[in-house]
Amino acid sequence: MSGPAEPEAADRDVVVVGCGPAGCAAAVFAARDGLDVTVFDRGRSSLARCAHLENYPGFPAGVDVGTLSDLMREQAERAGCAVVDDLVETVERATDGGPGEPPEGDAPRFVVTPQEGDPVTARRVVAATRYDGEYLRGLDEDGAMFEARDRDGETREDFDREYADRDGKTPVEGLYVASPSDADRQAVTAAGRGARVGKRVVADARIDDGWWPAAAEGVDWVRREAEREGEWTDRERWVEWFDETHADGPVDPDSERFARVREAAVDDALSAYVDADEAAARAAAGHRALAERLDPEAVVDAHGPAALLDALDDGAVAAYAGGDGSTRREPTEARDER
């Protein structure tokens, strides 16, 4: 006689509702840790109301919001996120497990229904839309999730921006809020809130996988291989470090669970180091991604025709001068192979 059927796994590890600075930051952090992330972008981020963004670090003369939005979306996609152009209408509890009971294994906690596409199930949902939380109704008591406000003589219920804690966690297991609070109304602070929420999502996903809180907290960075010197070039030293750090933790150091988490944590730490060639390749890819969003006229104004002609392949210049006019510069890798 066969046992009960295993619950079906969720379609996605994480669904992010909103593709502004907060939503994109949360999605990138989650996807870079290997989580399967879908972002729903309704195309009406509050960022679009700005004429020009002049206080976002890294853009000395400011940046038009269209370019920044395109770059953020591309970064999410490069990190592995699926970005869907659709409006989410509802987020509801999945039926598996029953009210108040956690789902088993990878079973979904939520059903996300967009306006046009098919519903998607998810283990976790990040709400990152600034103005409208109506799609979250029913996940908790309305009195906890929404607050009444008087506007122009009428009483309206708005989503309570303080419903979630600093890291985005809410009383609803698996639901996070990255929507900017009153303290995070600037694009850069909204992105920072999204990053905190993304890190919290990653840590909670690890905890679900058997990690304990102190081990689950991680840092997403890329470091130079040359900085890993002396004893730290030996993997065993990292194993020793993990054992020393978590010797008094909540998990038996001799258990299979401890060994499994240690292996994953050391792999994660070592993967952050890249050699000089890889660092240069990533820098070149980053420059190219930025350059693709620039107007050719702006590039000429910034560098001058002589510098650009000097950087071009001689064959490309000759072909253009000969009347082709459509020659595109070959990628650096192709020119270097000659």
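- Alongside Val274, the hydrophobic cluster contains Val222 (criterion: ILVMFWY side chains under 4.5 Å).
- Closest non-hydrogen pair, Phe40 versus Pro114, comes out as CE2-CB, 3.9 Å.
- Contact of the Asp267 side chain with the Arg235 side chain is registered, since non-hydrogen atoms from C-beta on lie closer than 4.5 Å.
- For Pro171, the side chain to side chain contact (heavy atoms under 4.5 Å, CB included) partners at least two apart in sequence or on another chain are Asp140, Tyr163.
- Residues Val125 and Val37 fall into different hydrophobic clusters, defined by Ile, Leu, Val, Met, Phe, Trp and Tyr side chains chained together at heavy-atom separations under 4.5 Å.
- The minimum heavy-atom distance between Ser271 and Asp268, with the atom names listed, is OG-O, 2.8 Å.
- The salt bridge (Lys or Arg N to Asp or Glu O under 4.0 Å) pairs that include a residue from residues 82-91 are Arg73-Asp85, where partners are two or more places apart or lie in different chains.
- Heavy atoms from other residues, nucleotides or ligands lying under 6.0 Å from CG of Asp252 number more than 12.
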Donor-acceptor contacts, no H, no angles, side chain residues 12-35, under 3.5 Å, sequence neighbours left out:
residue: Arg12; atom: NE; partner: Thr38; partner atom: OG1; Å: 2.7
residue: Asp13; atom: OD2; partner: Asp36; partner atom: N; Å: 2.8
residue: Arg32; atom: NE; partner: Asp220; partner atom: OD1; Å: 3.2
residue: Arg32; atom: NE; partner: Asp220; partner atom: OD2; Å: 2.7
residue: Arg32; atom: NH2; partner: Asp220; partner atom: OD1; Å: 2.7
residue: Asp33; atom: OD1; partner: Arg206; partner atom: NH2; Å: 2.7

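- Counting heavy atoms from C-beta outward, Asp41 and Val84 have side chains that stay 4.5 Å or more apart.
- For the atom pair NE2 of His303 and CG of Asp310, the computed distance is 12.5 Å after rounding to the nearest 0.5 Å.
- Put simply, the side chain of Asp243 does not reach to within 4.5 Å of the side chain of Pro253, judged on heavy atoms.
- Scored by the salt bridge (Lys or Arg N to Asp or Glu O under 4.0 Å) test, Glu116 finds no partners at all (sequence neighbours excluded).
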Worked verdict on Arg262 versus Val239 for side chain to side chain contact (heavy atoms under 4.5 Å, CB included): CA-CA 7 Å; Arg262 176 179 59 201; Val239 171; 3.7 Å; yes
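- Here the closest non-hydrogen pair linking Arg109 and Glu173 is CD-O, 3.4 Å.
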Derivation of the side chain to side chain contact (heavy atoms under 4.5 Å, CB included) call for Val251 and His246: CA-CA 8 Å; Val251 177; His246 299 286; over 6 Å; no
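- At least one donor-acceptor pair under 3.5 Å links the side chain of Lys199 to the backbone N or O of Gly218.
- Cluster membership for Val120 and Phe110, using ILVMFWY side-chain heavy atoms within less than 4.5 angstrom, is shared.
- Arg282 pairs by the salt bridge (Lys or Arg N to Asp or Glu O under 4.0 Å) definition with Glu278, not counting sequence neighbours.
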CA sep, side-chain torsions, deciding dist, call: Asp167, Tyr176, side-chain hydrogen bond (donor to acceptor under 3.5 Å, both in side chains): CA-CA 8 Å; Asp167 291 337; Tyr176 306 78; over 6 Å; no
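- Residues passing the salt bridge (Lys or Arg N to Asp or Glu O under 4.0 Å) test with Arg228, sequence neighbours excluded: Glu225.
- A donor-acceptor pair is defined here as one N or O able to donate and one able to accept, closer than 3.5 Å; such a pair exists between the side chain of Thr170 and the backbone of Val172.
- Around atom CD of Glu244, more than 12 heavy atoms belonging to other residues, nucleotides or ligands sit under 6.0 Å away.
- When all heavy atoms of Pro108 and Thr121 are compared, the closest pair comes out as CB-CB, 3.5 Å.
- A salt bridge between Arg123 and Asp204 is absent, with no side-chain N of the basic residue lying under 4.0 Å from a carboxylate O of the acidic one.
- The closest side-chain heavy-atom distance from Glu92 to Leu136 is not below 4.5 Å.
- Val39 is connected to Val201 through a chain of hydrophobic side-chain contacts under 4.5 Å among Ile, Leu, Val, Met, Phe, Trp and Tyr, so both are in one cluster.
- At a cut-off of 3.5 Å, with distance as the only test, a side-chain donor of Thr129 or Tyr135 sits close to an acceptor on the other residue.
- Note that the CH2 atom of Trp238 and the OG1 atom of Thr245 stand 10.5 Å from one another [nearest 0.5 Å].
- Arg200 contributes atom CZ, which lies 8.5 Å from atom CG of Asp165 (distance to the nearest 0.5 angstrom).
- Under the side chain to side chain contact (heavy atoms under 4.5 Å, CB included) criterion, Asp295 pairs with Glu297, Ala298, sequence neighbours left out.
- The neighbour count for Asp301 CG, taken as heavy atoms of other residues, nucleotides or ligands under 6.0 Å away, is above 12.
- In summary, the side chains of Thr67 and Asp64 do present a donor paired with an acceptor at a separation below 3.5 Å, with no hydrogens or angles considered.
- By the 4.5 Å side-chain criterion applied to Ile, Leu, Val, Met, Phe, Trp and Tyr, Val299 is assigned to a cluster that also includes Leu294, Val300, Leu308.
- Taking a 4.5 Å side-chain heavy-atom cut-off between Ile, Leu, Val, Met, Phe, Trp and Tyr, the cluster of Trp221 extends to Val219.
- Closest of all the heavy-atom pairs between Ala264 and Trp211 is CB-CZ2, 3.5 Å.
- A salt bridge links Asp70 with Arg293: the closest approach of a Lys/Arg side-chain nitrogen to an acidic carboxylate oxygen falls below 4.0 angstrom.
- Take Arg78 and apply the side chain to side chain contact (heavy atoms under 4.5 Å, CB included) test, not counting sequence neighbours, and it matches Glu74, Ala289.
- Within a 6.0 Å sphere centred on CG of Asp314, heavy atoms belonging to other residues, nucleotides or ligands number 12 at most.
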Test side chain to side chain contact (heavy atoms under 4.5 Å, CB included) applied to Arg166 and Val197, step by step: CA-CA 8 Å; Arg166 184 176 182 274; Val197 174; over 6 Å; no
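- Looking at heavy atoms from C-beta onward, Glu134 lies in side-chain contact with Phe146 at the 4.5 angstrom threshold.
- Remark: Phe258 pairs with Trp212, Phe242 by the ring-ring contact (aromatic ring centres under 6.0 Å, His included) rule, at least two apart or across chains.
- Arg124 and Asp208 are joined by a salt bridge, as a carboxylate oxygen and a charged side-chain nitrogen come within less than 4.0 angstrom of each other.
- Note that the CG atom of Asp142 and the CG atom of Leu139 stand 10.0 Å from one another [nearest 0.5 Å].
- Considering OH of Tyr273 and CZ of Arg224, their distance stands at 12.0 Å, rounded to 0.5 Å.
- Tracing side-chain contacts under 4.5 Å through hydrophobic residues (I, L, V, M, F, W, Y), one never reaches Leu71 starting from Val83; they form parts of separate clusters.
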Leu309 and Tyr320: CA distance, side-chain angles, deciding distance, side chain to side chain contact (heavy atoms under 4.5 Å, CB included) verdict: CA-CA 11 Å; Leu309 287 170; Tyr320 188 90; over 6 Å; no
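- A single hydrophobic cluster is seen to contain both Val63 and Met72, as judged by linkage of ILVMFWY side chains at heavy-atom distances under 4.5 Å, directly or through other members.
- Listed here is the closest heavy atom pair of Val111 and Pro119: CG1-CB, 4.0 Å.
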